[in-house]
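Here the structure is laid out as structure tokens; the discussion comes afterwards.
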There are 2 protein chains.
Amino acid sequence: MFKGDQKPKYQRLKEYIIETIQQKQLKFGDRIFSENELAERFGISRHTVRQAIGELVNEGWLYRLHGKGTFVGNGPYGRGKKMRTIGVITTYLNDYIFPAIICGINSVLLEHGYDMLLSCTYNQHRMERLCLENLRNHSIAGLIIEPTKSALPNPNLDLYQELRRKDVPILFIHGCYENFDGSYVVEDDTWAGYIATKHLIELGHTRIGGVFKKDDIQGHYRFAGFKKAHEEAGLEIAPSRVLWFDTEQALNFESSIMGDLICLLKGCSGIVCYNDQMAIKILDVLRGMGLSVPEDVSLVSFDDSQLAVASEVKLTTVAHPQERLGQQAAKALIDMIEGRQKRCSIKMRPELIVRGSVKKVSEMAKV
Amino acid sequence: MFKGDQKPKYQRLKEYIIETIQQKQLKFGDRIFSENELAERFGISRHTVRQAIGELVNEGWLYRLHGKGTFVGNGPYGRGKKMRTIGVITTYLNDYIFPAIICGINSVLLEHGYDMLLSCTYNQHRMERLCLENLRNHSIAGLIIEPTKSALPNPNLDLYQELRRKDVPILFIHGCYENFDGSYVVEDDTWAGYIATKHLIELGHTRIGGVFKKDDIQGHYRFAGFKKAHEEAGLEIAPSRVLWFDTEQALNFESSIMGDLICLLKGCSGIVCYNDQMAIKILDVLRGMGLSVPEDVSLVSFDDSQLAVASEVKLTTVAHPQERLGQQAAKALIDMIEGRQKRCSIKMRPELIVRGSVKKVSEMAKV
DNA sequence: AATTATTTGTGCGTATGTATC
DNA sequence: AGATACATACGCACAAATAAT
């Protein structure tokens, strides 16, 4: 006898069954031993076996069929009674392209009988931790997550590891962590930066400024494309023509970067701007300086959000896949959950939407 | 003996306990009878009592404290193990003010240890039904819902009734159904329409046009305010100066209402426009007609969304509480769930944000 | 078509352990 | 220390559903 055991017998049995499932000795839909068999095999009473199995059923590991047996999984087949739930975590909910992404995710999930448990991190690691901890209590079937401060090292990797141990598929969107090898669906931001910059170069611009966000990985990728386009064209990037800002500075815009920005705008004939939101603000600054777009300065931005067509000057912008990205992600995750796919690495190539904020450089200005 | 009983004894006991709780004979935190007492009282074995109580604990009705007793609620206090879930249903996810509302809801829920199960109806009754049916599988603690096509009769009232029978608090936001008496947190849209119109009247406008949405109740309320302001000032509303549009027409804008709109704009010195989104489109139309805002036409809109400051002309608009509305709703719902409040009827008064799209009528034009 | 074996579902009685007051 | 409460555990019996004989 094991009297030294602290754990109750039904607990030990539960753990044994879970291990067996995790080690794939028992797969989705397999029948496990009958209650009597387990009782005999482990030398415990049937009642005790029932307690263990009862809790596992409650936790979603097993399901019982009267007269037939006990099986691994959540229901007689897949979409049984229990609607399964997907966790979705983004940095923001109301920032301009996230609603579209979330909407894309939701539409696909609904169609396939999944529900969406949504939370957001406000781009803070502390909040990301809170969100992930909350999800522990929900037995989710999968997780779609947009990384928080993706350019920085992440302190919550332990929780990601825990989910992975539990065999919950994780899918990153709109960026991924460098030190966590996972599935992802992202925009090809380097390409986006490249075609935006190339567009300006092809129209004769040589003095091109760049405004990028430094604490999100997209900013760095878009800058990489910006750089690549310059190199291909044999152009130098003057350091004074590149401005980096972060989340906080984007909010209280005026004070902190206004000086640098005005300085930058004066020396350029074209600007590549991190996103539409920032571009709209730059439009106002230019207007204040008495410069007009695109006559005096050309402006290319990213994302093709609602804002891009809200101003008088319709912005030329690189279209973020937005809703399509959300849809792709949801489809891929469902494939992973239902075992049709093991990994997923999708880079979506964005396209340039030409509107009215860019103009060919006139011969005069060129000289 | 009740041999005719089809239901098992533990089921009957469960139902009895739930009823007792629902009838408030047992309140949050109260101790229920001990297992032995219940066994004796109902003439069943203690084991059977344990089965009933065990399931109720699992479903979140009760919690047990070793050596002390079994209590009503779902944890020693509040944030026990099981995080509770709130259902949130809106018409759209990416339309411009909903993200802010959802964000407000989310922030308060997170703070109080609730999670958010989100879905949207795309303003279709059929989808609303699907969403409500899905929620049945999730044992939600409460529901925040924005009515779908709130000006029309609703075919899904049976599902609302079902939730009410289950004692799940329901809170309507951003509108409510006329034939379902429930709690709500809404904007005072009549007031909003009133102050927007009054603003124009006070600046000397007499020929004021109105553009309203007909299939959402807000459109009708805002029109009511529009009318009230006219009546107070002793002005007539010319029928030719009021244009009604619906969801579909807002999407494929050009074809269907363009003619009427241009006609309307020609005859007015000021326009009251259903929301910022439509106002931005009207700005473009006016620009196409060679008219400028506010020099030729003044424009007041509603909601104070991101779009209101995205255009060159910053819109004078009635500020929708947006995020605050979401926060209020979440707070009220939590109060209802935790028994601190029974009903909730909040009308939030919006305020006029004066920007640059409105101008005083010049004496010349007046005459 | 009826029987039988197997498996889960419901229910009772009992015993011992352990936490709380 | 004792009373009371929940926690774990064993054994038994019968009902109901299922599948194979």
Side-chain angles (χ1 to χ4, degrees), chain A residues 1-17 26 29-77 80-82, chain B residues 1-17 26 29-77 80-82:
Chain A
M1 293 282 166
F2 1 57
K3 275 213 170 171
D5 278 0
Q6 294 143 344
K7 287 179 190 167
K9 295 183 183 177
Y10 78 97
Q11 282 282 2
R12 291 177 54 83
L13 179 56
K14 273 181 67 177
E15 283 167 21
Y16 169 78
I17 293 175
L26 284 172
D30 282 356
R31 218 201 92 188
I32 69 168
F33 298 115
S34 79
E35 294 175 351
N36 284 322
E37 243 170 64
L38 283 171
E40 211 176 324
R41 194 179 281 251
F42 285 85
I44 56 181
S45 75
R46 184 180 158 218
H47 178 94
T48 307
V49 172
R50 271 190 72 75
Q51 184 170 3
I53 290 180
E55 293 193 10
L56 288 174
V57 167
N58 235 307
E59 292 166 21
W61 292 96
L62 307 174
Y63 62 96
R64 301 197 253 216
L65 290 183
H66 195 153
K68 291 184 79 171
T70 306
F71 303 81
V72 178
N74 255 297
Y77 208 70
K81 310 156 206 175
K82 236 181 195 172
Chain B
M1 291 281 170
F2 1 57
K3 277 213 170 169
D5 279 358
Q6 295 140 341
K7 287 179 190 168
K9 295 185 182 176
Y10 78 98
Q11 281 284 1
R12 292 179 55 84
L13 179 56
K14 274 180 67 177
E15 282 167 19
Y16 170 78
I17 293 175
L26 284 172
D30 282 356
R31 220 202 90 189
I32 67 166
F33 297 116
S34 78
E35 294 177 351
N36 284 321
E37 246 169 54
L38 283 171
E40 211 176 324
R41 195 179 281 250
F42 285 83
I44 56 181
S45 79
R46 193 182 146 214
H47 178 93
T48 307
V49 173
R50 270 189 73 74
Q51 185 171 4
I53 291 180
E55 294 194 8
L56 289 174
V57 167
N58 236 308
E59 291 165 23
W61 291 96
L62 306 173
Y63 63 96
R64 300 198 254 219
L65 290 183
H66 195 148
K68 292 183 78 172
T70 306
F71 302 81
V72 179
N74 70 146
Y77 211 73
K81 306 158 207 175
K82 233 182 195 173

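Chain letters run A, B, ... following the sequence lines, proteins first, then strands; residues in each count from 1. Predicted model only: the values in this text are computed from it and were never measured.
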Between P on D:dA7 and CD on A:Glu55, what's the gap in Å once rounded to a whole number?
11 Å
For A:Lys14 versus A:Ala52, what's the shortest heavy-atom pair and its separation?
CG-O, 3.7 Å
Whole Å only: how far is the CG atom of A:Asn36 from the P atom of D:dC12?
12 Å
Contact summary for B:Gly54 and B:Arg64, nearest pair of heavy atoms:
CA-NH2, 3.6 Å
A:Gln51 CD to D:dA9 P, straight-line distance once rounded to whole Å
7 Å
Distance in angstrom units between A:Arg12 CZ and D:dT8 P, rounded
15 Å
Considering all heavy atoms, the nearest A:Leu26-A:Arg31 contact:
CD2-O, 4.1 Å
Without decimals, in angstroms, what is the distance between A:Phe71 CZ and C:dT8 P?
8 Å
Specify the separation, in whole Å, of atom CG of A:Leu38 and atom P of D:dC10.
13 Å
To the nearest Å, how far apart are A:Arg50 CZ and D:dG11 P?
16 Å
Quick tally for nucleotides 12-21 of chain C: nucleotides whose base has a protein heavy atom under 4.0 Å get B, sugar-phosphate-only ones S, the rest -, giving B----BBBSS
Look at the aromatic rings of B:His47 and A:His47 and report parallel, tilted or perpendicular, splitting at 30° and 60°.
perpendicular
Nearest to side-chain heavy atoms of B:Arg64, which nucleotide of D:dA7, D:dA9, C:dG9:
D:dA7
Could you tell me which non-hydrogen atom of B:Val49 sits nearest to which non-hydrogen atom of B:Leu13, and how far apart they are?
CA-CD2, 3.9 Å
A:Phe71 vs A:Tyr63 aromatic rings, parallel, tilted or perpendicular, using cut-offs 30° and 60°?
parallel
Considering heavy-atom distances to DNA chain D, does A:Gln11 or B:Glu37 have its closest nucleotide positioned more toward the 5' end?
B:Glu37
Rounded to whole Å, please give me the gap between CD in B:Glu35 and C1' in D:dA7.
9 Å
